[in-house]
Structures are given as structure tokens and as C-alpha cells.
Amino acid sequence: MDKVIFLTLGLLFFIIPVTSSTSGLKKVSKAQTKQQTANQEVTLVWAVERYCIDGVLCGQLLGFDWKNCGAPDAPAVLKTLNVSPDPVSIPGDMQASVSGSTSVELAAPLAVNVTLEKEVAGFWVHVPCVEELGSCHYKDACDLLAQLVPPGQACPEPLHTYGLPCRCPFKAGSYSLPQSDFYLPIMELPSWLTNGNYRFQGVLGMQDKELGCLRVSLSLRSN
């Protein structure tokens, strides 16, 4: 759950999620899975054993929930977001669909403020920003997206298949990604992010104006 995932949750869940090789969330087809199974089985087993022993997140993501937290007339809103199964195994397969809309064009500089909290002994504790993880301020999400998918490069799947954008500006309108299959790999996370209940809020802004707000809660259970 690196800064790309925080950015995705904080910004693009308002309109559409971006997948990339650095986000840890990859689109895979059943045919690709079958072709890769034979020559990856031994490597995968070795990797899972090594990473679980080393304390990197290898377990389950469960209890995923979300809601809009912006003003009733907020320009950017998430309409639907479905993630299954519950729990999602890490590593493992998952399905996701999402839809949302924006009544204004989203263009640079597009700020995202993320507030992360972790439940400790029944209390919600603020998690500070450490190495761009935690409660962080991202000055321009458009710049981060451009680094992930440089201009001229095709948008990653499944966005490309459905003709969905992956770089700013995002034109005003409605966006929808039908249910798609993804593979959630083992993720390298700081020790303070590998086990527990979390909730975070992402606030999207442009030119000192709040455009939308999203709250997400989930639990991580490491093996």
C-alpha cells in the first residue's frame, strides 16, 4: 500500500482507479494466469515463504468500506465501489468495479490531502506522514500520475480496454469501470502498516477549493 495506492484511493476512486506496475495492483486475464502458473509455481512458493518470514504483508485485507464525505454539492463524487471477495487474500485474486463523476474538469495542480488513522487499544491514533506514507499532503496528483504513465504511453489495463483516462486533465463527466479481475501481490510495507484496523480520508482540491472527499476503512491481517 505505497503512495500510489494512497493516491489512487484519495483521488481516482472519485472517478476511476489507475493500475500500474508500481501500484502493486495488476490486471491479469485467466489465460495469462494459466500460462504463467507452471513456470511460476516454485518461484511463488519460495517468494511467499521468504516474504512472510521477513514480515512483509502476506495475509488478508478485509472489512473494506467507503463513503463520500464532501459537501452535498461537491463536484467530484464516488457513486459505486465494489470489492470482492471479503476477505481478499494477499497475495491473491480480487474483483473490483467503480463508478463516479465530476462536474468540473480536474487539472493540474490537483492537491490530495490524506489523513490516516490506526486503531490502537480501542482508540484511533493519527499516523504521521513518513516517507510519503501515512497522513500526507500531495501537492499535485497530476504530476504523480504523469510519472506513472508518461504522456504518449498507453493507459494500463483495464482502463485502455474501456477507453478510460489515466492522466490529467480529466474532463467533466461520468466514468465507470465494470467488474474486472485483478491480482494483489505481496506488498512491502512498514511494520506499522502490516496489521490492524485502519481508516483514512482523502480530500481532493484545486485552486484552494475542495472538490470532493472520500473516507475508507479496512483491516489488514498479516500471517
For the residue pair Leu144 and Val112, establish whether any side-chain heavy-atom pair is separated by less than 4.5 Å.
-> no

So which pairs with a foot in residues 62-77 pass salt bridge (charged side-chain N to carboxylate O under 4.0 Å, His left out), sequence neighbours left out?
-> none

Could you pull out all donor-acceptor pairs under 3.5 Å where a side-chain atom in residues 118-128 meets a protein atom, sequence neighbours excluded?
| from | atom 1 | to | atom 2 | distance (Å) |
| --- | --- | --- | --- | --- |
| Lys118 | NZ | Trp192 | O | 3.2 |
| Lys118 | NZ | Asn195 | O | 3.1 |
| Glu119 | OE1 | Asn197 | ND2 | 2.8 |

Residues two or more places apart in sequence or in another chain: which of them pass side-chain contact (heavy atoms from CB on, under 4.5 Å) with Thr161?
-> Glu157

Only pairs at least two apart or in different chains count here, so list each salt bridge (charged side-chain N to carboxylate O under 4.0 Å, His left out) that has a residue in residues 136-151.
-> none

Does some side-chain heavy atom of Val88 sit less than 4.5 Å from a side-chain heavy atom of Leu62?
-> no

Below 4.5 Å, heavy atoms only, C-beta onward: do Leu177 and Pro158 meet side chain to side chain?
-> yes

Which residues pass the salt bridge (Lys or Arg N to Asp or Glu O under 4.0 Å) test with Arg199, sequence neighbours left out?
-> Glu117

Find out whether Ile90 and Leu61 are in side-chain contact, i.e. whether some heavy atom of one side chain is under 4.5 Å from a heavy atom of the other.
-> yes

Is Leu116 close to Tyr198 at the side-chain level, that is, under 4.5 Å between some pair of heavy atoms?
-> yes

Mind checking side chain to side chain donor-acceptor pair (under 3.5 Å) for His137 and listing every partner two or more places apart, or none if nothing turns up?
-> Asn113

In short, Lys79 meets Ser174 closest at the heavy-atom pair NZ-OG, 3.8 Å

